[in-house]
Protein chains: 2
Amino acid sequence: MTPPTPHLRLDREVLRRNADRLRARITALGPVLRPHVKTSKSPRVAEVLLGGAPGPITVSTLREAEVFADAGYDDVLYAVGIAPSKLDRVRALRERGVDLVVLLDSVEQAEAVAGQGVPALLEVDCDGHRGGVPPDSPAVLEIAGVLGGDLLRGVLTHAGESYFRYTPEELALAAEHERATAVRVAEALRAGGFPCPVVSVGSTPTAHAARDLTGVTEVRAGNYAFFDLVMAGVGVCGLADLALSVVVTVIGHRRERGWIMTDGGWMATSRDRGTGVQAVDQAYGVVALEDGGVVPDLLMVGASQEHGVLGMREGSARELPDFPVGTRLRVLPVHACATAAQHGEYHVVGGGRAPEVWARVTGW
Amino acid sequence: MTPPTPHLRLDREVLRRNADRLRARITALGPVLRPHVKTSKSPRVAEVLLGGAPGPITVSTLREAEVFADAGYDDVLYAVGIAPSKLDRVRALRERGVDLVVLLDSVEQAEAVAGQGVPALLEVDCDGHRGGVPPDSPAVLEIAGVLGGDLLRGVLTHAGESYFRYTPEELALAAEHERATAVRVAEALRAGGFPCPVVSVGSTPTAHAARDLTGVTEVRAGNYAFFDLVMAGVGVCGLADLALSVVVTVIGHRRERGWIMTDGGWMATSRDRGTGVQAVDQAYGVVALEDGGVVPDLLMVGASQEHGVLGMREGSARELPDFPVGTRLRVLPVHACATAAQHGEYHVVGGGRAPEVWARVTGW
């Protein structure tokens, strides 16, 4: 049965292609790929990313860690700075046999984590976009001293700035900066007597742009499973690489305003307007035929909770196409992580197999 | 047990006050209040809005209609233009005894709806913000003719423009325009031989600003259950009327940047930046103590998926407060409908009763 609209559609073939592309790339450069499952929140998707069986993953919530543990994933990095009140759940997972490693960037956290015997990575800030200690801060050795060499598994950094770089050369530089920062801190720790076996870097743009990963032991990336219009704007993928779309139905027209109304509003696409800062603003998404390609210049230009407004891109010389009430269309997401988060499941199609429904992890 | 962060907290006492305020107001003006449950998606919340028992409601999805039907709600308006493919589910609900009425604004929809014997309201556009036929369009009588007097229950309009009006006088004018437009179309239909018993208007701002509702039979509003920073910016409520907040934990500091990091990112607050077009931009939300009031000038200034960044309002002369790692804070939502949509349940506190968990309807 065709699911009611709006629903979240996942193209199995595109997912597999995106998965194979990055896995081959990172493997050739040397490190292990540790996919970030925050984008898909689905053990079924992770299985494709890892080539068919559980393997190392990154999670953004303990709920993800718990659900993936149930699915056989026992090598897990929780890549959000640990709140001491969450250590009970971390220990419960470790006692189940999951090698769950946490992240921290302060002495306060290190004291709490060391007190519970939980291994951790030290978060290092390479470009000022989130948490992490500055790479040359005395805090690096101070925190390591609190944790001790056994619990300090290594260092982690994330090139948040790479989402705002737009040429292959700039992206390669961001990747090299990310690598060099992490390796430099790891070497400083080793010089201080801490073995620091793990050097973890990653973001979807830098993972695709890195030319050399010497000294890096693992690469994290999440968005690449599905890609989206922000990543297309950064230049890391093309529109044909977008694995997700929101299927909507035309419910009306305001022809005098140049609008087609649909039953997919921000509840189905999210409020993310991430291409607003890029050279080409894609509003709430690019529109495609249900079982075909992109409709030239047709965008989702407006959103209320359960209404989408489609209209022509500003400056387009094309006429608004005439899709009758009942027509199904697809909206390609601006930000796949945010769009997927609005849905409880994927409607998986393509790849010459019967459609399936894959569940997503929800909550924290 | 205190729930892990981030979680969605609902203050039972504030909800009750907001509910009582609007119910008393609309009852005094004459019409029936038909709360829009799209904001809360919770039969428990709707019960408070309706004074303790099921009553007339507005829904934004058929899934809401189905779940509320299970909870005893049998007088339901589905206020999103009907897609003909959804009429099977509409009929199934009607056959269960639910008086489910749909919405439409085209001859195509009217033909599909009439063919299934489903009653409908005609959507009229009063201010150019969404769907609906223009009030003086010949389509009004044409669509009525297709439906017939028995199935045409009446007219509906929604003053979307009222979200962009900021003085009591402007809001009262928007309310009067909404009322007058709906009544005028209803009278034209009656003159054409259609009884048109229902005249439905509403939005949270106009419902609170209307001074006269002559000719209106029912008022719809949803957001008022919880209110939010957008509504405070419009002037319909104060910060003390906000019933929802997202409870987060401090996980770090970047003092050199003026940042406090938390475990609540856009996954917990949504990406809605609705106050960005208002006089006072509240970024991703105003920050309050866990069990206390607003922290002056502290905002959630940035969001990644599971990281929140708190910082001082631009231009503030105050110093960044020093909350240690582990401190719980609350973020007051920019847009309650969008923030609530990121969560599967409410953690209900206050009112001198034990905390409870109330579920939300998810999906379509």
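Sequence lines set the chain letters: A, B, ... in the order given, protein chains first and strands last, and positions in each chain run from 1. Note that these values count all heavy atoms, side chains included, but never hydrogens, waters or copies made by symmetry.
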Problem set entry | Residues which pass salt bridge (charged side-chain N to carboxylate O under 4.0 Å, His left out) with B/K38, listed by chain and number, not counting sequence neighbours | none
Among the listed options [options], the residue most often paired with chain A at heavy-atom distances under 4.5 Å:
options: B/G265, B/G132, B/G344, B/P6; value: B/P6
options: B/R130, B/E306, B/E108, B/Q305; value: B/R130
options: B/H335, B/M267, B/H307, B/R89; value: B/H307

Which heavy atom in [X] sits nearest to a heavy atom in [Y], and how many Å separate them?
X: B/M261; Y: A/G131; value: CE-N, 3.7 Å
X: A/I251; Y: B/A83; value: CG2-CB, 4.0 Å
X: A/W266; Y: B/A341; value: CZ3-CB, 4.3 Å
X: A/G128; Y: B/W259; value: O-CH2, 3.3 Å

Problem set entry | Any A/V325 side-chain heavy atom under 4.5 Å of B/S106 side chain | yes
Could you tell me which portion of [X] (side chain, backbone, both or neither) has an atom closer than 4.5 angstrom to a non-hydrogen atom of chain A?
X: B/S60; result: both
X: B/A79; result: backbone
X: B/H129; result: backbone
X: B/Q342; result: both

Exercise. By number, which residues in residues 269-276 of chain B have some heavy atom less than 4.5 Å away from chain A?
Worked result: B/R271, B/D272
For this session: Quick one: pull up OH in B/Y163 and OG in A/S304 and give me the separation to the nearest 0.5 Å.
Result: 9.0 Å
Problem set entry | Residue pairs, two or more places apart or on separate chains, that pass salt bridge (Lys or Arg N to Asp or Glu O under 4.0 Å) and touch residues 250-265 of chain A | A/R254-A/E256, A/R254-B/D125, A/R255-A/D322, A/R257-B/D125, A/D263-B/K86
Determine the option with the most heavy-atom pairs under 4.5 angstrom with chain B, choosing from [options].
options: A/H253, A/H7, A/H343, A/E345; result: A/H343
options: A/P134, A/S85, A/A338; result: A/A338
options: A/V309, A/T5, A/T262; result: A/T5

Seminar exercise, completed: Sorted by chain and residue number, the side chain to side chain contact (heavy atoms under 4.5 Å, CB included) partners of A/D105 (sequence neighbours excluded) come out as A/Q109, A/E123, A/V133
